[in-house]
Amino acid sequence: MTRASVSPGLNYSALAPLISPHEQINLLLLDALQKLADAGEVDAACRIAGKACVILRRSAPKDERRFNALLHRLLRKL
């Protein structure tokens with residue numbers, strides 16, 4: 001079955017996700033780290049966020065800043 005046979009004239013590009021898979025993974029990880037901290041594992045969440053900062057520092061500075069911001073928010077809970 002091809003796309004054309006399912007629904008001719010439908011523009012599938014409009015159904016593409018608004019954010020990239022890379023961005024979605026980052027959001028999932030940030031959410032998971034926050035939930036880990038909320039569950040009382042603040043130290044573990046900080047360590048993982050710090051490692052993410054190191055990994056992303058050169059290749060994705062915008063993403064690194066998000067993890068760094070989370071890290072600094074979580075540090076207040078230690």
Side-chain angles (χ1 to χ4, degrees):
M1 184 181 298
T2 65
R3 287 181 176 175
S5 66
V6 173
S7 180
L10 182 60
N11 182 1
Y12 282 92
S13 65
L15 300 176
L18 297 176
I19 57 176
S20 71
H22 174 87
E23 180 69 19
Q24 292 176 39
I25 294 296
N26 281 339
L27 292 173
L28 284 172
L29 183 54
L30 288 165
D31 186 46
L33 291 174
Q34 183 63 57
K35 288 183 181 356
L36 183 64
D38 293 345
E41 297 293 334
V42 178
D43 187 57
C46 287
R47 289 180 190 275
I48 295 169
K51 289 178 183 177
C53 288
V54 171
I55 291 168
L56 296 169
R57 182 167 295 142
R58 292 183 189 234
S59 62
K62 177 185 164 197
D63 295 329
E64 185 271 340
R65 285 191 295 274
R66 298 171 84 182
F67 282 95
N68 193 32
L70 175 65
L71 175 61
H72 283 88
R73 279 197 311 273
L74 295 179
L75 284 174
R76 288 184 232 141
K77 295 183 175 184
L78 286 176

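All values derive from a computational prediction rather than experimental measurement.
To the nearest 0.5 angstrom, E64 atom CD is 11.5 Å from N26 atom CG. We find the CZ-CZ distance between R65 and R57 to be 12.0 Å, quoted to the nearest 0.5 Å. In this structure, the separation between CZ on R47 and CG on L33 is 13.5 Å, given to the nearest 0.5 Å. Atom CG of D31 and atom CG of L36 lie 11.5 Å apart (nearest 0.5 Å).
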CA sep, side-chain torsions, deciding dist, call: F67, I48, side-chain contact (heavy atoms from CB on, under 4.5 Å) = CA-CA 9 Å; F67 282 95; I48 295 169; over 6 Å; no
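The closest side-chain heavy-atom distance from L27 to I19 is below 4.5 Å. In this structure the side chain of Q34 never reaches within 4.5 angstrom of the side chain of L30, judged on heavy atoms. Side-chain atoms of E23 and D63, non-hydrogen and from C-beta on, do get closer than 4.5 Å to each other.
For K35 and E41, the salt-bridge test fails: no basic side-chain N is under 4.0 Å from an acidic carboxylate O. A salt bridge does not link D43 to K77: none of the charged nitrogens lies less than 4.0 Å from a carboxylate oxygen.
The minimum heavy-atom distance linking L71 with C46 is given by the pair CD1-O, 3.4 Å. When all heavy atoms are compared, the tightest approach of A37 to L74 is CB-CD2, 3.4 Å.
Under the 4.5 Å side-chain heavy-atom criterion for grouping Ile, Leu, Val, Met, Phe, Trp and Tyr, I25 is not connected to L56 through any hydrophobic cluster.
Within a 6.0 Å sphere centred on NZ of K51, other residues, nucleotides and ligands contribute 12 heavy atoms or fewer.
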